[in-house]
Structures are given as structure tokens and as C-alpha cells.
Amino acid sequence: MSKSELLKKVDAYIESGIPDDVEEAERITYELYQEARPEYCMGHDEDFAEIALREAEAHARVGLHRDALFHFLEAEYAAGASSPASKEFSKRLSDGIESVKSELDPDFFKEKVVTRSPYWLFDLVRDDARVRFEIFHLGGNRYELTGYRLEGSGSALIVSPELECAKMVKEFTCRFTSDDPVIYEVEDLESLIVDRVDFTGDDELAFYNGETRVFLIPKADYELCQADFC
């Protein structure tokens, strides 16, 4: 069964309102999304906008409004980057965004995000991507961090619900202020190649290449602003 046919099945199950059907629709949607997102980032999946829309709606139905907005922004970006969306899609998207935004506190939305959980770095390093990082010391305990997706890793879809921004990128930059200096664990600082990012038990952010830890950022405040998406 094609993705478009599965999406029609999902819609029919949701419309039925039968709990078992709705549960099955959400299972299908999740599996479609997990397959389609990396394909979209490699430039191959034309159904991603429709799939992301339904993933957003699934999160909205259970009250996960931040996550729903994340996926609505994915759908909006993917639709805008392809052929014009249908009127039905556009209405579902605009209604969905308006609905979840009304459920979020007005203070949720910002022009600048400062957090100790830089979710965008996990978007940059995901789906088996390999990323080269450059770290520039700005003075004191301030740094600028830029990641470049390597050849064969496709692009990264970076999404910030708080900033209401989404963008497909090959490279992305943010800044951070750390409690202590960055710890490098390889000799070649010109080749900081990473394929995985994890938090340690002490809330430090560790960057790995395979099983080798390449560098570690101590507890830090990471910054992201709307201008980073321009």
C-alpha cells in the first residue's frame, strides 16, 4: 500500500472515532513519519508534509501541544518548499496551528531561546548523519558552535516551536555560555566529526564519533534566535 493510500486509511480511521481505529491510525502515522522524515532530509519524500501534518494532529489530540506545533511547523515548511498545497491541507494546517497555539502560554513564544537542552543539535545530528563541528571561542566562557552535515548525510530539518521557525540546512550555528571550558578528547581539532550527541548524567553534552567521545560541553546555556533561521 502506498503512503498516500495509508494516509487516506489514517483519515478514515480518525473520522470513525472508534478508539481501536484511532489507535491504529496513530500507529500507522508514527511509522510513516519515522520512515519519511529521514527520506525527506535526503530529498526523496514528497509525502512528508502530509505525514507531518497527521503526526501533529495526533499529538494535538492527546494534549501534547508543543510537540504538535513542532510537527505542524515541519508540515508547513515542507509544504512551502514543494508544490502549492491543496486548500484542504492548507486549512487543516492553519486550523491546527491556531488551535495548538491557543493552548500554549503566551510566554512560550520568544524571539530568543536560552536553554540547557539544545534540541536543535539533536535535529542536526540524527538519522545516521555525520556532522563536522567547529567551535569558536568568543572570549570568557562564550562560544559559537557550527555544525556542517557531511557529504552523503543529506540536510537537517531544524525546528523551533518557541521561535515558530523551521528550516532545512546543511550547516547551522548557535552560541552557548558554559560553566567551564569545552573539553576536547581528540588531538585534531580541525576534524571534530560527530554522529551522535548525548547528555551525560551530569547534564553535560557529549559528542561522539562511533564509540569515541570527540568533545564534551559542560553545563551550558545554549542560545537560538529567529535570525539563525534567516
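The basis for the numbers below is simple: all heavy atoms, side chains too, and nothing from hydrogens, waters or symmetry mates.
- Closest approach of Arg149 to Ala129, counting heavy atoms only: CZ-CB, 3.4 Å.
- Within the structure, ring pair (Phe, Tyr, Trp, His ring centres under 6.0 Å) contacts touching residues 1-28 (residues at least two apart or in different chains) do not occur.
- The cationic atom of Arg66 (NZ for Lys, CZ for Arg) lies less than 6.0 Å from the six-membered ring centre of Tyr119 and within 45° of the ring axis.
- For Asp123, the side-chain hydrogen bond (donor to acceptor under 3.5 Å, both in side chains) test picks out Arg126, with sequence neighbours left out.
- For Glu185, the CD atom is densely surrounded, since the number of other residues' heavy atoms within 6.0 Å is greater than 12.
- Under the rule for a ring-ring contact (aromatic ring centres under 6.0 Å, His included), the partners of Phe199 that lie at least two apart in sequence or sit in another chain are Phe122.
- More than 12 heavy atoms of other residues, nucleotides or ligands lie within 6.0 Å of CZ in Phe109, so this atom counts as buried by the packing criterion.
- Evaluation of the ring-ring contact (aromatic ring centres under 6.0 Å, His included) rule for His65 yields no partner, not counting sequence neighbours.
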Enumerate, atom names and distances included, each donor-acceptor pair closer than 3.5 Å involving a side-chain atom of residues 223-230, sequence neighbours excluded.
from: Glu223; atom 1: OE1; to: Arg142; atom 2: NH1; distance (Å): 3.4
from: Glu223; atom 1: OE2; to: Arg142; atom 2: NH1; distance (Å): 2.5
from: Gln226; atom 1: NE2; to: Leu163; atom 2: O; distance (Å): 3.4
from: Asp228; atom 1: OD1; to: Arg175; atom 2: NH1; distance (Å): 3.4
from: Asp228; atom 1: OD1; to: Arg175; atom 2: NH2; distance (Å): 3.2
from: Asp228; atom 1: OD2; to: Arg175; atom 2: NH2; distance (Å): 2.8
from: Asp228; atom 1: OD2; to: Cys225; atom 2: N; distance (Å): 2.9

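- Looking at every heavy atom in both residues, Ala166 comes nearest to Leu73 through CB-O, 3.9 Å.
- Shown here are the side-chain contact (heavy atoms from CB on, under 4.5 Å) partners of Glu98, two or more places apart in sequence or in another chain: there are none.
- With hydrogens and angles ignored, the 3.5 Å screen pairs a side-chain donor or acceptor of Arg54 with a backbone N or O of Glu50.
- Not one N or O on the side chain of Thr115 forms a donor-acceptor pair closer than 3.5 Å with the backbone of Pro118.
- Shown here are the side-chain contact (heavy atoms from CB on, under 4.5 Å) partners of Glu190, two or more places apart in sequence or in another chain: Asp188.
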All N/O donor-acceptor pairs, side-chain side in residues 200-211, below 3.5 Å, sequence neighbours left out:
from: Thr200; atom 1: OG1; to: Asp202; atom 2: N; distance (Å): 3.2
from: Thr200; atom 1: OG1; to: Glu204; atom 2: N; distance (Å): 3.2
from: Asn209; atom 1: OD1; to: Arg130; atom 2: NH1; distance (Å): 3.3

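- Side-chain atoms of Ser16 come within 3.5 Å of backbone N or O of Ile18 as a donor-acceptor pair.
- Listed for the Asp105 side chain is a donor-acceptor partner under 3.5 Å among the backbone atoms of Asp107.
- Not counting sequence neighbours, Lys110 has no partner by the side-chain hydrogen bond (donor to acceptor under 3.5 Å, both in side chains) test.
- Judged as a ring-ring contact (aromatic ring centres under 6.0 Å, His included), and not counting sequence neighbours, His44 has no contacts.
- Residues that satisfy the side-chain hydrogen bond (donor to acceptor under 3.5 Å, both in side chains) test with Thr173, not counting sequence neighbours, are Thr146.
- Using a distance-only test at 3.5 Å, with no hydrogens or angles considered, a donor-acceptor pair links the side chain of Glu5 to the main chain of Ser2.
- With sequence neighbours excluded, the residues satisfying ring-ring contact (aromatic ring centres under 6.0 Å, His included) with Tyr222 are Phe176.
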